[in-house]
Trainee: 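Sharing a structure below in structure tokens format, with a few things to ask.
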Amino acid sequence: MNRANAVEGFRQVFLRPPTLVTRAPGRVNLIGEHTDYNDGFVLPAAIGFATWTAAAPRLDRTLHVHAGNRKESVVIPLDNPGAPLQHHWSDYVRGVAVELERDGHRLSGADLWFAGNVPSGAGLSSSAALEMSVGLALLLQSGIPIDRTRLALAGQRAEHHFAGTKCGIMDQFISAHGQAQHALLLDCRTLGFRTLPLPESLRLVICDSGMPHALAGGEYNTRRAQCEEGVAYLRNFLPSIQALRDVTPDQLDTFAGGLSHVVQQRCRHVVSENQRVGAFAQALESSNCDQLGDLMAASHASLRNDYEVSCPELDALVDFASEAPGIVGARMTGGGFGGCTVNLVQAADVDAFQAHVAEAYERRTGRVQRIFVTEAADGASEVPGA
Ligand code: GLA
């Protein structure tokens with residue numbers, strides 16, 4: 001996918017050239033899983049797969065949207081955008097447009113063509129890439145100054161209200177704010193962040209389990225509700241807490257006894273994962289590969305045992321990776337229930353690593369595996385013409 005493909009795709013549908021092209025990336029999360037909606041910390045990186053949007057203005061307040069990958073079109077009148085939760089890709093476009101307008105922006109009508117190469121259903125945030133790419137195009141098209149954090153928040157509200165997923169802010173935020181060669185340490189309460197360079201000797205290797213991951217399926221929202229139940233109960237003893245972010249491991253040990261076993265497990269994952277994010281950031285800064293690997297292993301174990309969002313395929317991928325050449329660390333990434341693992345691998349061993357994991361996975365599951373070697377990429381941007 002490149003600018004020329006987007007321009008050509010637009011031209012074929014709308015029979016004129018676009019006036020601008022944007023792209024926004026998917027993401028991989030290095031550590032800090034299911035912490036974002038608990039006001040906690042995350043450490044994702046944007047990746048080299050992206051959604052591209054080509055746009056040109058219209059005189060009416062209507063969006064004519066064409067999905068290049070599916071060869072389908074929809075019309076969205078901005079003054080009567082239609083119902084949410086249609087369980088269709090247009091939910092994301094309608095949602096981001098409506099939420100930008102609710103945020104006080106008056107959008108112009110536009111012809112929009114989009115397509116992308118973020119593997120869908122793999123847990124690499126293809127929907128956030130779509131929201132950020134289309135959202136950026138709509139703002140630029142309407143002459144509105146870009147505030148990346150507000151754009152990310154509009155994308156998150158689109159997920160909540162139009163797609164029915166009560167996601168946190170991580171995916172949209174990293175798609176909007178990512179920086180090449182860097183991961184981003186985000187405080188999901190204040191939305192303060194800093195970028196951390198990734199060691200040049202390491203590569204990000206993403207292994208797809210091939211098990212489709214479906215966030216809108218109620219498990220994600222159930223986890224979120226269990227965390228809220230934990231906070232409501234702990235507030236009896238710790239009245240000032242707002243979220244699991246405010247609870248220490250010691251406090252959890254002391255006060256959680258009256259919660260159901262399952263809710264205790266969920267809380268333990270979140271509280272311990274927040275601590276791992278801080279330690280991981282420090283290990284990155286000191287290039288301490290042993291510690292990076294230990295923290296990723298502990299994160300995976302916690303997601304498998306306490307949060308119960310892994311699956312046998314993801315566990316197998318982490319096991320195979322841990323014995324493969326060049327491995328620094330491996331864990332599941334994203335919401336879970338299928339999707340991908342993220343692996344930090346020594347650059348010199350990437351080929352041997354891939355061969356080992358692919359062969360072991362195929363032998364175990366009979367499934368041929370997709371493996372992506374990627375580098376941390378920039379966040380959403382306009383792509384200027386030649
Ligand atoms: C999905 C959500 C994110 C985050 C992760 C789990 O990707 O969209 O907000 O909660 O799951 O860390």
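Whatever order the structure lists them in is the order used to number ligands and atoms, beginning at 1.
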Trainee: How about H177 and F193: are their ring centres within less than 6.0 Å of each other?
Mentor: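 Judged by ring-centre distance (under 6.0 Å), H177 and F193 do meet the cut-off.
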
Trainee: Just which atoms of ligand 1 are under 4.0 Å from any heavy atom in Y37?
Mentor: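 The list of qualifying atoms is 10 (O).
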
Trainee: Report, in ascending order of atom number, the atoms of ligand 1 lying under 4.0 Å from any heavy atom of C167.
Mentor: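 Answer, ordered by atom number: 2 (C), 8 (O), 9 (O).
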
Trainee: Less than 3.5 Å between some nitrogen or oxygen of G168 and one of ligand 1, yes or no?
Mentor: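 Among all N and O atoms of G168, at least one is under 3.5 Å from an N or O of ligand 1.
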
Trainee: To the nearest 0.5 angstrom, please state how far the NE2 atom of H34 sits from the CD atom of E273.
Mentor: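 Going from NE2 on H34 over to CD on E273, the span is 9.5 Å.
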
Trainee: I need the atoms of ligand 1 closer than 4.0 Å to a non-hydrogen atom of M170, numbered in the order shown.
Mentor: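 Checking each atom against M170, I get 4 (C), 5 (C), 12 (O).
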
Trainee: Would you give the length of the straight line joining atom CG of L85 to atom NE2 of H161, rounded to the nearest 0.5 angstrom?
Mentor: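 L85 atom CG to H161 atom NE2 measures 10.0 Å (nearest 0.5 Å).
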
Trainee: Hey, does H34 come in under 3.5 Å of ligand 1, counting only N/O atoms on both sides?
Mentor: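 Right, the criterion is met.
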
Trainee: Shared ILVMFWY cluster between Y233 and Y307, side chains joined below 4.5 angstrom?
Mentor: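 Yes, Y233 connects to Y307 through the hydrophobic network.
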
Trainee: State whether the number of non-hydrogen atoms from other residues, nucleotides or ligands found under 6.0 Å of R70 atom CZ is greater than 12.
Mentor: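 Atom CZ in R70 is not crowded, with 12 or fewer foreign heavy atoms closer than 6.0 Å.
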
Trainee: Is the closest heavy-atom distance from R27 to ligand 1 below 4.0 Å?
Mentor: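 Right, R27 reaches ligand 1.
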
Trainee: Looking only at distance, does D36 have an N or O less than 3.5 Å from an N or O of ligand 1?
Mentor: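 Yes; the residue has a nitrogen or oxygen that sits under 3.5 Å from a nitrogen or oxygen of the ligand.
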
Trainee: Assert yes or no for the condition that the ring centre distance of Y92 to F114 is strictly below 6.0 Å.
Mentor: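 Not under 6.0 Å, so no.
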
Trainee: Distance-only, no hydrogens or angles: does the E375 side chain make a donor-acceptor pair with backbone N or O of G48 under 3.5 Å?
Mentor: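 Not confirmed, E375 side chain does not pair with G48 backbone.
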
Trainee: Would one find an N or O of E33, backbone or side chain, under 3.5 Å from an N or O of ligand 1?
Mentor: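 Min N/O separation from ligand 1 is below 3.5 Å for E33.
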
Trainee: Tell me whether T35 has any N or O atom under 3.5 angstrom from an N or O of ligand 1.
Mentor: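 Between T35 and ligand 1 (N or O atoms, distance only) the closest approach is not under 3.5 Å.
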
